[in-house]
Amino acid sequence: MTDTKNNNGLKVIAGLLAAALLATVFYTVSLYNDKKETTAKLTEEKSLVIEDLNNLKSDYDRVISESEMTNEQLVEARNKISAYIDSVKSMKADISSLSRYRRQVRQLTKEREYLLAQNDSLRSSNALLAMEVDSTKVALEEQSMFTDSLLVQNTQLAKVVETGSALGLSKFTVEAVKERNSGKLVTVTNNRRADKIKICYTVLANRIAKPGAKQFYIQVSDPSGQILGERAVAATQGEEEGEEAASITYSKASSFYYENTDLDVCDFISKPADADFPEGSYNVVVFDEKLRELGSAQFTLK
């Protein structure tokens, strides 16, 4: 009787162990299949990114081969895409990296559309000019006048493009802050309590501006007119005839990476060493890389 109970007990235990083993095997197989499926999707997504980049590169190869003159911008863009292709091929596929490269593909696509349109416009202008030259060989004076007029128009167009691609600001704010022990910044108006001057602004989206690393210059003047901060000098040279060189003394160079969308930027100017900010009205101005004034603001410390 006792042996029968023991045998039954062993059978129950064996059954439970078998069920547990089956469940473990099923779970392991399920995890393996999920991992295999995820890896396959990431590999497929990686292939699609490479395919998109290769398509972009092919477009540049075609246009460059058809052009009679080398367009440095197109060559540079094609080389950049080649570098991205090599980078994607060698990288380990994961969601974060692929998302980043997907965003880059979209940006490169926009850049291609702009550069190819610009190249088509230039080719059309060259073709039109050639036709005019062929049809006016007997009138050299008229041809010269036409060429001069075209050069003026191209110069004016370049200035329009440069003006249109300039970056602008919005939501320009300035305030004095005190940093607590916790690291939290609190707005203050008392000159003795202020540790830093916080300057924040939003760089507006501009689809025709060239993306990449940018640098603005922040100039903060105290009530006596003295420039605070680094007091470094930024200067430009007159690139065109009649254009004068310019220079400013700035408090801080504000660097950021621009991707053609609205971008919030904040920078700080610390108080002078072993001294408080003086009482009175402060003036803050932001300049772009060509030292064009983008915005100004004032605030007062009591």
Side-chain angles (χ1 to χ4, degrees), residues 87 91-92 94-104 106-107 166-206 209-235 247-302:
S87 179
M91 80 170 187
K92 181 180 180 181
D94 59 68
I95 295 175
S96 177
S97 298
L98 289 173
S99 297
R100 185 175 69 254
Y101 278 106
R102 267 297 178 197
R103 291 194 299 271
Q104 191 61 46
R106 289 195 293 270
Q107 184 59 48
L167 300 179
L169 301 185
S170 69
K171 301 178 183 177
F172 185 23
T173 61
V174 182
E175 59 182 353
V177 296
K178 178 177 179 60
E179 186 174 3
R180 292 181 174 174
N181 294 334
S182 63
K184 182 179 180 181
L185 297 177
V186 181
T187 302
V188 296
T189 57
N190 186 286
N191 68 306
R192 295 183 178 180
R193 296 188 61 203
D195 293 328
K196 302 176 182 178
I197 297 173
K198 180 181 179 182
I199 303 102
C200 293
Y201 54 84
T202 298
V203 184
L204 291 173
N206 188 332
K210 187 175 181 179
K214 305 292 181 182
Q215 184 167 267
F216 287 171
Y217 298 100
I218 300 174
Q219 183 187 74
V220 181
S221 305
D222 69 9
S224 66
Q226 181 178 1
I227 305 299
L228 302 180
E230 299 176 13
R231 292 198 288 274
V233 176
S247 66
I248 62 165
T249 300
Y250 62 87
S251 302
K252 188 169 186 178
S254 181
S255 300
F256 54 90
Y257 192 87
Y258 184 70
E259 295 182 320
N260 302 96
T261 58
D262 286 354
L263 178 66
D264 295 325
V265 180
C266 284
D267 265 300
F268 299 87
I269 306 296
S270 299
K271 68 180 181 180
D274 303 324
D276 294 326
F277 286 115
E279 295 183 14
S281 179
Y282 290 73
N283 188 58
V284 182
V285 185
V286 175
F287 299 88
D288 67 8
E289 293 173 317
K290 295 197 174 185
L291 304 188
R292 294 173 293 203
E293 182 175 331
L294 300 179
S296 62
Q298 294 76 38
F299 72 100
T300 301
L301 287 176
K302 301 176 181 179

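- Using a 4.5 Å cut-off on side-chain heavy atoms (C-beta onward), E279 and L301 make no contact.
- Remark: side-chain polar atoms of Q219 are paired, donor with acceptor, to backbone N or O of T249 under 3.5 angstrom.
- Every pair tested for disulfide (SG to SG under 2.5 Å) that includes a residue from residues 272-302 fails, sequence neighbours excluded, so the list is empty.
- Classification of the F216-F256 ring pair by plane angle, with boundaries at 30° and 60°, yields perpendicular.
- In this structure, R292 contributes its side chain and D288 its backbone to no donor-acceptor pair below 3.5 Å.
- With N191 contributing its side chain and F277 its backbone, the two residues share a donor-acceptor pair below 3.5 Å.
- A donor-acceptor pair is defined here as one N or O able to donate and one able to accept, closer than 3.5 Å; no such pair exists between the side chain of Y258 and the backbone of L263.
- The stretch residues 258-302 participates, sequence neighbours left out, in these disulfide (SG to SG under 2.5 Å) pairs: C200-C266.
- Under the 3.5 Å distance criterion, the side-chain polar atoms of S251 are matched with a main-chain donor or acceptor of L228.
- D195 places no side-chain N or O within donor-acceptor distance of the main-chain N or O of S270, the cut-off being under 3.5 Å.
- Using modelled atom types, one side-chain atom of E289 and one backbone atom of Q215 make a donor-acceptor pair closer than 3.5 Å.
- When atom types are taken as modelled, the side chain of N260 and the backbone of A205 share no donor-acceptor pair closer than 3.5 angstrom.
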